[in-house]
> 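Have a look at this one before I ask anything.
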Amino acid sequence: MSDNRGKFTQAEILSQPETWKETLQYLKSDWVGRLPNLQDYDQIVITGCGSTYYLSIWAARFLHCSTGIPAIALPSSELWYSGDLWLKPFKKILFIAISRSGQTTETLQALDQFLKVQKKDALAITCYKDSPLAKMSPLSVTTTAGMEQSVAQTRSFSNMMWPIIFLSEKNIPDSLITTVRSSAQTFLSNYQATAREIGNNLDIERFFFLGNGPLFGLSQEVMLKMKEMSLSYSEAFHFLEFRHGPMSMVNHQSLIIGFTNQATYSFELPVFNDMQKLGGRTLAVGKVSGKPQSIDYLFDIGEKVPSTWSYPFYLPLIQLLAYERSMAKGLNPDKPENLTAVVEL
Ligand code: F1P
């Protein structure tokens, strides 16, 4: 009998370079000069659920770092039942609601709460342009190239990141679109076999994902992917925080996956080294050149993509690793245990 397990997930993960080009072209053709100017606001409040809450955590830190405007991420549920605590009328807030489906009850309710306070300063990011969220929001960016069949978010997530980067950068040169697509194809083909090898190594029992600054939100997202797709022990921490207790769980069956970059590498390399001494294996992802002894595996994003535009690159190979592990365990990553694509209450 043919094994149809995971066929959507694998195709959707591997399609990301092409879909990224489509989304960047959509933003360039439809949205230049139309998105809110972040400098007009006192605060940015970003919200979502599950994966899109983690996307919000990445987005809040990214926008705060890149624009200096205070930004906070909240689960949609908190804005639903206590929005008055967060949405103060005296602050000029830009509200960003993120939802792959555009149907999640908590996120619809959160936007509704906001629109009662401030009628127009809301932006929705979703993959489905006919969704209730897209229709409800004054502005809706619809990254339809991210639409997917699989329950676990993969290309939907990375495609919904581009509008956030675009909000900060405001312009997308044609050369950048070409570079993003070609660099992503090269990155995936360079390391796909290694991701498969690690995913098929069932001696690994514990996964720890580490990231600083905006990369922490992405560490949380891949932590969730590993859980959803492969039902594995999986945790996420701020990079150096890992030493302050959680590293007690590192053993010879552990893999520590660190999202790093040139700016923080000198602080983070010693963490890899310490975890190797505890028996853990280490995998570094980022724009880092050279693989020192303390890194067992390196996924080097390379130098061609500017740092600001490199954040989506951190995801596909780890999504692929989770997919391979799920398949090796006889599971179906297209249909994770206990989950549905949308939670409607
Ligand atoms: C939110 C979400 C996903 C999760 C699962 C159930 O969906 O919680 O993050 O992985 O698919 O739904 P959405 O609001 O982003 O459509």
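Both ligands and their constituent atoms are indexed starting at 1 by order of listing. Note that this is a predicted model, so its numbers are computed, not measured.
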> Could you tell me the residue and atom name of the protein heavy atom closest to atom 4 (C) of ligand 1, and the distance to it rounded to 0.1 Å?
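Protein heavy atom at minimum distance: Glu228 OE2, 3.8 Å.
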> Taking atom 6 (C) of ligand 1 as the point of reference, which of Leu339, Ile98, Thr340 owns the nearest heavy atom?
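Of the listed residues, Thr340 has the closest heavy atom.
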> Checking a contact table here: which protein heavy atom is nearest atom 8 (O) of ligand 1, and how many Å away?
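Its nearest protein heavy-atom neighbour is Cys49 O, 3.6 Å.
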> Could you check atom 12 (O) of ligand 1 against the protein and tell me its nearest heavy-atom contact, residue, atom and distance included?
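Nearest neighbour among protein heavy atoms for atom 12 (O) of ligand 1, to 0.1 Å: Ala341 O, 3.4 Å.
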> Looking at the rings of Phe208 and Tyr233, which for Trp means the six-membered one, are their centres under 6.0 Å apart?
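Between Tyr233 and Phe208, which both carry aromatic rings, the centre distance is below 6.0 Å.
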> Just go through Thr52, Val342, Thr104 and tell me whose heavy atom is the nearest to atom 14 (O) of ligand 1.
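Answer by nearest heavy atom: Thr104.
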> Give me the atom names and distance for the closest heavy-atom approach of Val117 to Leu87.
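Closest approach of Val117 to Leu87: CG1-O, 3.9 Å.
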> Angle between ring planes, Phe272 versus Phe239, binned at 30° and 60°: parallel, tilted or perpendicular?
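Aromatic pair Phe272/Phe239 classed perpendicular.
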> Is Val151 near ligand 1, meaning one of its heavy atoms is under 4.0 Å from it?
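Heavy atoms of Val151 do come under 4.0 Å of ligand 1.
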> Got the closest protein heavy atom to atom 3 (C) of ligand 1, with its distance?
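For atom 3 (C) of ligand 1, the nearest protein heavy atom comes out as Gln153 NE2, 3.5 Å.
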> Any salt bridge between Arg34 and Asp30, counting N to O under 4.0 Å?
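A salt bridge is absent here (no side-chain N lies under 4.0 Å from a carboxylate O).
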> Assign the ring pair Trp162 / Phe313 to parallel, tilted or perpendicular, where the plane angle (0 to 90°) is split at 30° and 60°.
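Trp162 vs Phe313 ring planes: perpendicular.
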> Which class fits the ring pair Trp31 and Tyr26: parallel under 30°, tilted 30 to 60°, perpendicular over 60°?
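Trp31 vs Tyr26 ring planes: perpendicular.
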> Closer than 4.0 Å to some heavy atom of Arg100 - which atoms of ligand 1 meet that?
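In order of number, 11 (O), 13 (P), 15 (O), 16 (O).
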> For ligand 1, which atoms sit closer than 4.0 Å to a heavy atom of Ser51?
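Here the atoms of ligand 1 in question are 9 (O), 10 (O).
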> With under 30° as parallel and over 60° as perpendicular, where do the rings of Tyr191 and Phe187 fit, or are they tilted in between?
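It falls in the perpendicular class, over 60°.
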